Every structure is written in C-alpha cells, then in structure tokens.
2 protein chains.
Amino acid sequence: MNASNRLSPNKRLALTDMPEKAKNSTDLVAVGTPELTFARSPLGQRLLDLQNSGSRSNRAIAEYLLRNPLRIPAIGIEELASRTGVSAATLSRFARAAGFDGYAELRAAAADSLLGMLQPVEKLRSSIQSSAGKSGGANVLVSGLEASVNNVRSAAESLDPKALTTIVSLISRANEVYTLGFGLSSHLASILALDLQPFCARLTNVVEFGGTEVAAGRLLNIGKRDVLIVLSFPRYATDAIRLTSYARTRGAKIVAITDSPASPLAQLADYLLFAPANHPVLSSGLSAALVVVEALVSALMISNPDNVKQASKLTDAIAAYLVDGTDTHSRKS
Amino acid sequence: MNASNRLSPNKRLALTDMPEKAKNSTDLVAVGTPELTFARSPLGQRLLDLQNSGSRSNRAIAEYLLRNPLRIPAIGIEELASRTGVSAATLSRFARAAGFDGYAELRAAAADSLLGMLQPVEKLRSSIQSSAGKSGGANVLVSGLEASVNNVRSAAESLDPKALTTIVSLISRANEVYTLGFGLSSHLASILALDLQPFCARLTNVVEFGGTEVAAGRLLNIGKRDVLIVLSFPRYATDAIRLTSYARTRGAKIVAITDSPASPLAQLADYLLFAPANHPVLSSGLSAALVVVEALVSALMISNPDNVKQASKLTDAIAAYLVDGTDTHSRKS
DNA sequence: GTACATTTGAAAAAATATTTTCATAAACAC
DNA sequence: GTGTTTATGAAAATATTTTTTCAAATGTAC
C-alpha cells in the first residue's frame with residue numbers, strides 16, 4: 001500500500017464533482033468559517049483590539065461578537081446583554097469604546113462587514129493552490145486536506161447510530177472497560193479513556209505512554225463481563241492484534257475502531273466502527289478516527305441525562321484551572 | 001460560552017431551505033447569488049407569493065426584499081419604508097400579510113434565512129443512516145457529526161499553505177522544538193511530537209502524561225532560537241496560556257493551534273493556525289485540530305525530499321513490530 | 001489599611017421603532 | 001355617475017430599544 005494507492009479512491013472530491021456552471025459562478029460564502037473571515041475584517045480587528053485592551057466585560061463582549069458575528073445584526077442590545085452576561089448599559093458603553101456612536105451604529109457596521117464577506121469565493125482546491133503555485137509539494141498538501149475531509153465525511157456518513165446505541169449500552173453494563181491502542185492510536189485510546197472516565201466506574205487505558213510490556217499485564221485479567229475498545233490503523237501494530245486476540249479468548253466483548261473491513265481487527269471484533277484513514281503522505285490520517293471516538297462519547301453522554309450532570313460535576317472540580325471557568329462542560333483541552 | 005451557544009450558529013440548518021433535488025447531494029448549501037438562494041428559502045417563497053398576489057405596494061415591498069435580502073436584518077421599518085417608497089404603516093401590514101406577527105418577526109425570519117445561507121453547511125443529516133429517526137438523542141449525534149465535518153472542512157479551507165511553509169522553515173531551523181498541550185490537547189501535542197520526532201534533532205513534548213508541575217520545568221530553558229508549538233481549545237487550560245506567556249517572555253517563537261481569533265492564545269502567538277472546535281455536546285471537537293496537526297507534519301515531510309527517507313529509515317527499525325512490515329511509512333497506529 | 005479611580009448593573013429617562021387609528025384616495029362594481 | 005370595498009399615508013398611540021444617571025462594587029495606588 002503506497003501513497004498513491006491510498007489516495008486514489010478519494011481522488012474525485014465533491015468539489016470537482018460540482019456542476020460546471022457553479023465553478024465560475026458567484027458561489028457564496030467565504031473560505032473558512034464566517035467567524036474567521038469576520039475576524040479579518042476591519043471591524044473584527046477593532047474587536048480584537050478591545051479583546052486585548054478592555055475590561056473584563058469588554059473582553060467578554062468582544063469575544064462573543066467575534067465568535068458569533070452572524071447574529072449581531074439580528075439581535076438587539078438586550079438580547080446580546082443576556083447572551084454575553086453583561087448589562088445593556090455596559091454594551092452601550094462598549095459600542096462607544098469601539099469607536100461608534102452607539103449600539104445601533106455598531107450593529108450597522110457588523111451588518112456591513114458581513115455583506116462584504118459574501119464575496120464570490122473559490123473553493124478549497126483553487127483557493128489553496130493559488131497561494132502555493134510553485135512547489136509541487138502544495139498539491140500533496142491539498143490532497144492531504146482533501147483526504148482528511150473525505151475521511152471524516154465518510155466516517156460520519158457511514159456511522160450507524162443503532163450500532164452506536166448498542167455499543168453504548170454494552171459499555172454502560174460492562175464490569176470493566178478497557179481502551180487499547182499502540183503508537184499514534186495510543187493517544188486516541190487515551191482521549192477515549194479520558195472522555196469515558198466520568199461514565200465508567202472501572203476503566204483501564206491499557207497502554208499508558210509507551211509501556212508496551214506492561215500493557216499485557218494490565219489486560220491480563222480481562223474477562224467475560226468486560227469490554228475492550230481497541231483502535232488500530234495502518235500500519236497495524238501487531239501488539240494490538242495480539243492483545244485483542246487474547247482478550248477474545250478470555251471472552252471479553254470487543255469493540256474495534258479501525259479503517260476498513262480488511263483490517264486485521266475486523267475478524268476479531270464483535271462490534272466494528274469504521275474510520276477511513278487515507279492520507280497521501282502519512283500512513284494513516286487519524287482525524288476520522290477522532291470523529292468516531294467523539295461520536296461514541298457523545299452517544300454515551302446523551303444516552304442518559306444524568307451523564308451530562310455527572311460530566312459537569314467533574315468539570316466543576318477542575319474549573320479553577322481553566323481560563324473560562326464559567327460553563328459546564330467536561331473537556332479541558 | 002456554553003454548549004448551546006456554541007452550537008447555535010449551526011442550529012438552523014439550511015436543509016429545509018434547499019430545493020428537493022439538492023437534499024441528498026453533497027453540494028455546499030449556498031450556490032448562486034445570495035439573492036437566488038434567499039428566494040429559495042421558505043421566507044423567499046412567501047415573498048414571491050406576495051409579489052404575485054398582493055397590491056401594488058405589497059409587490060413593490062416584496063420585490064425590494066427579494067432583491068436586497070442582505071439588508072433586511074440591518075434596517076428598521078422606517079428606513080425600509082423610505083427605500084421602498086411606501087409608508088411604515090403599509091410595511092407593518094405587509095409583515096402581517098406575510099404571516100408574521102409584525103415587522104420585527106419578519107426581520108428576524110430574514111436574519112435566520114441569511115444565517116442559514118452563510119453556513120457552508122453540508123447536509124449530512126439526510127445522508128446519515130436513517131435509523132436515527134426515533135430517538136431525540138440521534139439528532140444531537142447527527143449535529144455532532146455535522147459539526148465535525150464542518151470543522152474539518154473549515155480548517156482545511158482556511159489553512160494557508162504559505163503560513164505552513166513559514167512555520168515549517170521555522171521548525172527546521174529551530175534549535176529546539178517544544179510541543180505543549182493540556183488535557184485533551186496534550187494528546188494532540190503528543191501526536192505532533194511523535195510525528196515531528198524524525199525531523200527534529202531536539203524535541204520536547206512539555207506535558208508527558210499528566211505531569212502538570214513537571215511541565216514548567218521542561219520549558220524552563222526555552223530561548224530565542226527555540227520554537228514552541230502550543231495547542232489549546234475551549235475550555236482553555238490556564239496553564240497552557242501561562243506557559244506560553246513565559247515562553248514568549250523568553251523570546252521563543254510561538255506557533256499556536258487553536259480554535260478562533262478570540263482564543264487567549266491568539267494574542268500570544270507569532271503564528272496562528274485555526275481549527276474550529278464546534279461541537280453540540282463536547283466542549284471542543286478536536287478532529288479539525290488533528291487535521292491541522294497532520295497537515296503541518298505533511299508540510300514538513302514534503303518540504304525536503306530527505307525527510308521522507310529519514311522517516312522511512314526510522315520505520316525500518318521498528319518494522320519488525322508491525323503486521324505489515326513492507327511499506328515505507330513512518331507512522332505506526 | 002484608606003483614598004481614588006474604574007467598572008458595573010438597575011432603573012429612570014430618552015430616543016426610536018412599530019402599530020393602530022382615522023381620514024382620504026384609489027379601484028372596482030353596477 | 002354613485003356606493004362600496006380596498007389600500008394607503010399621516011399622525012397619534014403604543015411598545016420597544018437604547019442611553020444616561022446614579023449608587024454600589026471592584027480594583028488599584030499609596
């Protein structure tokens with residue numbers, strides 16, 4: 001399996017599949033998110049300034065505006081106040097601080113900026129290539145990005161919520177949950193373990209940083225009522241396969257996240273989740289795998305309303321270490 | 001900033017706005033001019049009706065709105081009155097005729113339609129397996145997958161190869177390269193470090209599994225000729241910000257991978273790479289971040305033909321531990 | 001610690017925007 | 001033509017939004 005082989009199935013991007021007429025037309029919408037484009041506009045820059053220089057609430061306001069530029073024209077000062085958690089009075093003053101005559105003018109300026117963002121914009125391929133014309137390497141880079149987008153989309157589209165539900169109830173009922181991955185996959189396994197922690201009384205991430213030999217020991221006592229979630233991608237680490245085989249012989253339920261039905265894990269698993277890992281340069285692009293991991297965690301969280309609370313509780317305990325300690329989520333990153 | 005806030009910009013999908021034929025396609029939402037897209041929206045349809053059925057002024061109003069949809073959210077009834085040449089009273093009645101509670105609601109509806117148009121949102125919803133129908137949770141799940149796909153695409157589209165090239169040469173010339181991330185981002189930092197290893201003589205992953213206190217020590221001697229690559233996403237870990245500030249004071253070059261220009265890292269970094277992290281359930285979806293990391297590594301690899309060889313050499317040394325020891329890539333997963 | 005400056009929210013005041021009223025004008029039926 | 005219906009704008013009435021005021025809280029300098 002070489003690079004060109006891996007890329008080829010995805011070579012034809014949705015982009016190039018677009019009807020011809022669309023190609024030169026005034027297709028809408030910017031490169032990147034509206035948020036990123038907005039930040040580049042003059043108004044965005046002013047807001048960024050205020051985000052640095054201003055007072056606590058001014059920073060909060062600037063941040064909200066930068067993150068939700070599309071809403072600005074549509075909402076009034078009161079609603080914005082409640083969304084940003086400051087008073088309308090402060091917002092009124094903020095508008096002046098930003099150099100406007102009042103909130104109305106700020107809002108008008110925002111609307112203008114957004115208008116400007118609606119310039120006809122080329123799509124991924126052309127926009128990237130244009131600035132990278134000379135070096136042949138740029139094409140590879142674009143291919144890599146394209147491949148990543150496709151991997152993620154394929155994974156998302158082929159993910160079966162039913163299977164996810166089954167796996168979630170499996171995890172919920174398990175005596176102990178094990179996560180396993182080697183090499184790069186070990187980090188995905190760790191992320192999975194970290195996210196799973198609030199919901200699993202007993203949870204073991206088999207490979208804690210490099211300790212390949214110790215890993216087997218951690219898995220030694222896996223049994224019938226346990227679940228092993230294993231991740232492996234090309235080039236598949238033999239240890240992952242071997243340990244999974246072992247867990248299988250011990251009667252554990254196996255959930256595998258891997259790239260293809262042709263993966264050596266496919267035969268060993270009771271439940272399979274696929275995350276394509278095509279990449280022109282790297283042996284595996286793991287972004288889709290991360291999407292699948294996050295989907296699994298999401299499914300687990302929403303499977304039970306209590307879980308969300310539980311996750312929040314955990315968060316509160318570490319809130320002090322976060323820049324923004326005000327919201328109720330569980331993931332620090 | 002909470003989950004609903006984060007999700008909300010994407011809440012209203014353009015799905016329902018699209019002509020039937022497009023529903024199952026993978027096209028971007030907004031193709032054509034904003035005006036045309038707006039005309040296809042439910043609100044646009046209503047206006048078209050009124051344009052045919054209504055009285056003289058109603059036709060004039062409907063036409064103006066259809067031709068200038070982008071202005072609607074920004075202007076009040078009086079200004080619209082003067083632009084369309086009718087009185088405010090007529091506009092007020094027009095809004096009712098269109099089925100709204102009043103002008104305010106009409107304007108809000110217009111803002112919503114436009115918001116939907118500005119989201120280059122792809123419609124996975126229909127393409128994701130239909131079994132999702134029953135449970136309410138499935139929608140959240142689908143939203144999560146949609147968000148991930150959009151994050152990844154946004155990241156890909158807004159990634160500037162030039163910036164990447166600059167960063168690559170920075171890394172190549174650096175005396176020592178540091179990678180830094182806390183919480184979930186620590187795993188991304190580890191992946192980055194693992195991938196960078198073959199190309200960096202001196203490389204330090206500051207946070208090796210949880211050791212928060214030791215981390216500062218590892219960064220202590222960072223200096224002018226060094227590069228710090230830091231990753232942080234909501235909810236931003238204060239430690240990441242603090243250590244980055246420290247590195248900055250020591251004169252190190254800072255490369256930040258974060259979610260938004262409003263991120264606290266944005267002000268500290270010399271070079272910024274954006275990876276949107278929107279997610280309806282999790283506080284951050286990190287798949288796009290992984291795409292950016294992989295793009296950076298790819299760029300580094302292809303920047304110099306020798307690098308590929310170098311990566312291969314390393315691989316050969318560990319080939320014995322891989323299921324398929326025949327190819328020439330560097331990543332075991 | 002105290003004094004001073006800054007920031008903030010609640011509520012009053014002002015400004016603005018929207019709706020309703022009402023008189024008139026236009027359109028239509030006959 | 002007249003009577004009737006419908007549509008309209010001006011202005012009053014109402015509702016909403018925005019700004020200002022002011023007292024309290026917070027932060028800062030000494």
Side-chain angles (χ1 to χ4, degrees), chain A residues 43 46-47 49-65 68-112 320 323-326, chain B residues 1 43 46-65 68-112 114 238 264:
Chain A
L43 173 58
R46 263 207 260 188
L47 292 176
D49 285 352
L50 280 171
Q51 203 198 6
N52 301 335
S53 70
S55 66
R56 175 182 302 272
S57 359
N58 279 15
R59 278 201 299 273
I61 297 166
E63 175 165 353
Y64 182 90
L65 295 181
N68 307 278
L70 296 161
R71 304 206 105 81
I72 311 177
I75 65 182
I77 200 170
E78 283 289 353
E79 180 166 5
L80 184 56
S82 79
R83 283 176 198 257
T84 52
V86 304
S87 69
T90 301
L91 275 168
S92 183
R93 288 185 279 254
F94 175 90
R96 285 197 150 60
F100 298 99
D101 237 33
Y103 179 75
E105 201 179 282
L106 167 71
R107 184 164 56 175
D112 265 3
V323 168
D324 169 14
T326 57
Chain B
M1 166 180 33
L43 173 57
R46 268 204 259 186
L47 293 177
L48 279 171
D49 285 352
L50 282 170
Q51 202 191 10
N52 302 333
S53 73
S55 68
R56 173 182 304 275
S57 1
N58 278 14
R59 279 202 298 275
I61 297 167
E63 175 166 354
Y64 182 89
L65 294 182
N68 306 278
L70 296 160
R71 310 202 106 86
I72 310 177
I75 64 182
I77 200 170
E78 284 291 355
E79 179 165 5
L80 184 56
S82 80
R83 283 178 198 253
T84 52
V86 304
S87 70
T90 301
L91 276 168
S92 184
R93 288 185 278 255
F94 175 90
R96 284 195 150 61
F100 297 99
D101 236 33
Y103 180 75
E105 204 179 276
L106 168 72
R107 182 165 58 175
D112 262 5
L114 295 175
T238 35

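Proteins come first, then strands; the chains are lettered A, B, ... in the order of their sequence lines, and each starts at number 1. All values derive from a computational prediction rather than experimental measurement. Reckoned from all heavy atoms, side chains included, excluding hydrogens, waters and symmetry mates.
Rounded to an integer number of Å, the gap from CG of B:Asp101 to P of D:dT14 is 19 Å. When the P atom of C:dT16 is taken as reference, atom CD1 of A:Ile77 falls 14 Å away, rounded to whole Å. Distance, A:Phe94 CZ to D:dT20 P: 17 Å, rounded to whole Å. B:Asn58 has its CG atom 14 Å from the P atom of D:dT6, to the nearest Å.
Under a 3.5 Å cut-off, the side chain of B:Arg107 and the backbone N or O of B:Ile75 do form a donor-acceptor pair. Proximity of a side-chain donor or acceptor of A:Thr84 to a complementary backbone N or O of A:Leu80 within less than 3.5 Å is detected. The backbone N or O of A:Ala88 sits nowhere less than 3.5 Å from a side-chain atom of A:Ser92 that would complete a donor-acceptor pair.
A close approach under 4.0 Å does not occur between any side-chain nitrogen or oxygen of A:Arg59 and OP1 or OP2 of C:dT7.
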Taking it one step at a time, do B:Arg59 and B:Glu63 satisfy salt bridge (Lys or Arg N to Asp or Glu O under 4.0 Å)?
-> CA-CA 6 Å; B:Arg59 279 202 298 275; B:Glu63 175 166 354; over 6 Å; no
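Residues B:Phe94 and B:Leu47 have side chains in contact (heavy-atom distance under 4.5 Å, counting atoms from C-beta outward).
Figure legend: B:Arg46 and B:Phe100 shown as a cation-pi pair, the cationic atom lying under 6.0 angstrom from the six-membered ring centre and within 45 degrees of its axis.
Listed by residue number, the members of residues 78-90 of chain B with any heavy atom below 4.0 angstrom from DNA chain C are B:Glu78, B:Ala88, B:Ala89.
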Look for any protein N or O under 3.5 Å of an N or O in nucleotides 22-29 of chain C and output each such pair with its distance, or none.
none

